[in-house]
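Letters go in sequence order (proteins before strands), and every chain restarts at 1.
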Amino acid sequence: MKIPFNLIKKHSAELFANAENCHLLCISKYFLMSNPAQSLETLHDIKRMMERSSRFISLSGWSGIAAGGCALVGAGLAHQRIVHYYQTEYQVVPGAIKELKLDLILIAGLTFVAAFVLAIFFTWVKSKKEGVAIWGATARRLMWNTFLPLAAGGFLIWHLIENNVYGIVAPACLIFYGLALVNGSKYTMGEVRWLGYGELILGITNLWFPGKGIIFWSLGFGLLHIIYGFAMWWKYDRVSVSDDNLQGVKAD
Amino acid sequence: MKNPIEQLNKVFDSRIRLGIMSALIMNNRSNFNDLKELIQVTDGNLASHMKTLEEAGYIQVEKGFIGRKTNTTYAITTSGKKAFKSHLDALEKMIRSID
């Protein structure tokens, strides 16, 4: 189904900004769908409804920022733990590597849970504000399509850790997360795709810098999330106030 | 030139029916409650618009059960897709007519 969105974009400004056409818009209520401004508004409605029915749009920018913050804290803790291991335990305390492994998995798990809970929380707040149910067909589809690549990657990483192949754990995390985002972007805000591309590039680059996992990890899960979250907040959440004003003007 | 207004489909005059069609074209199948929430109308209102669309042959209704609760699902028909598409084309022509 092709909708002339470029056309909508092109004419929106001139139709709505122009005072003469505003007049036209008001009169149009009495001649149902009999002029271009009315058609344009109808197309806008159709586009909005198509998006609402197929995409999960309550994802908040704050979710990204919070997840990024958690990732940075987690990476910091992990870094400290690794430094501690090499400074005091390495080749001194037998079996310390096992403890390090467990601690790192624990830190990663807690980071994931914290990021996930915060992301859900901010999305819940946003959906509440917009009066959209958080759990529905769109949310279900989004979940399934992001969790599938994540679960597959999770098994691979589990297997890598079991076999003491640590060099590609961080790249694998980033790559599978990137794939999950690209896949999920079809069912939520399209911009998620760009975040996914970023994670993929970082993950693939990381393959050639095996010792620098934690840096790439913080860049990918920390910095990229924060940048993405801020961009989304800037684009959507911040605008919602002025959007209301616009509707007020139109109603006049 | 033919007047594009004549090509606009009377069935799609209603915003609610237009909303239903927009939602159905993006989903293979939707159930009554999802549509109700999406379009934010009352049960009776949605049902009557659904009836109109069904009578026009644009949507296909399937009544089923989930446990004991009724679960009515809707899908767009081929002729529904066609009608919606030409309605969109007509709208597009209206916008182009100001060029």
Using the salt bridge (charged side-chain N to carboxylate O under 4.0 Å, His left out) rule, collect all pairs that involve residues 184-199 of chain A, keeping only residues at least two apart or in two chains. Glu191(A)-Lys235(A)
Using heavy atoms and a sub-4.5 Å threshold, report which of residues 35-47 of chain B line up against chain A, by residue number. Glu37(B), Leu38(B), Ile39(B), Gln40(B)
Considering only distance and modelled atom types, tabulate donor-acceptor pairs under 3.5 Å from the side chains of residues 170-182 of chain A, sequence neighbours left out.
from: Tyr177(A); atom 1: OH; to: His225(A); atom 2: NE2; distance (Å): 2.7

Would Lys85(B) and Asp89(B) pass as an ion pair if we require N to O under 4.0 Å? yes
I would like to know whether Asn145(A) and Arg140(A) meet side-chain hydrogen bond (donor to acceptor under 3.5 Å, both in side chains); could you show each step before the answer? CA-CA 9 Å; Asn145(A) 282 286; Arg140(A) 242 185 338 262; over 6 Å; no
With sequence neighbours left out, which residue pairs that include part of residues 54-74 of chain B fulfil the salt bridge (charged side-chain N to carboxylate O under 4.0 Å, His left out) condition? Arg29(B)-Glu62(B)
Plane angle bin for Phe32(B) and Tyr74(B) - parallel if under 30°, tilted between 30 and 60°, otherwise perpendicular: tilted
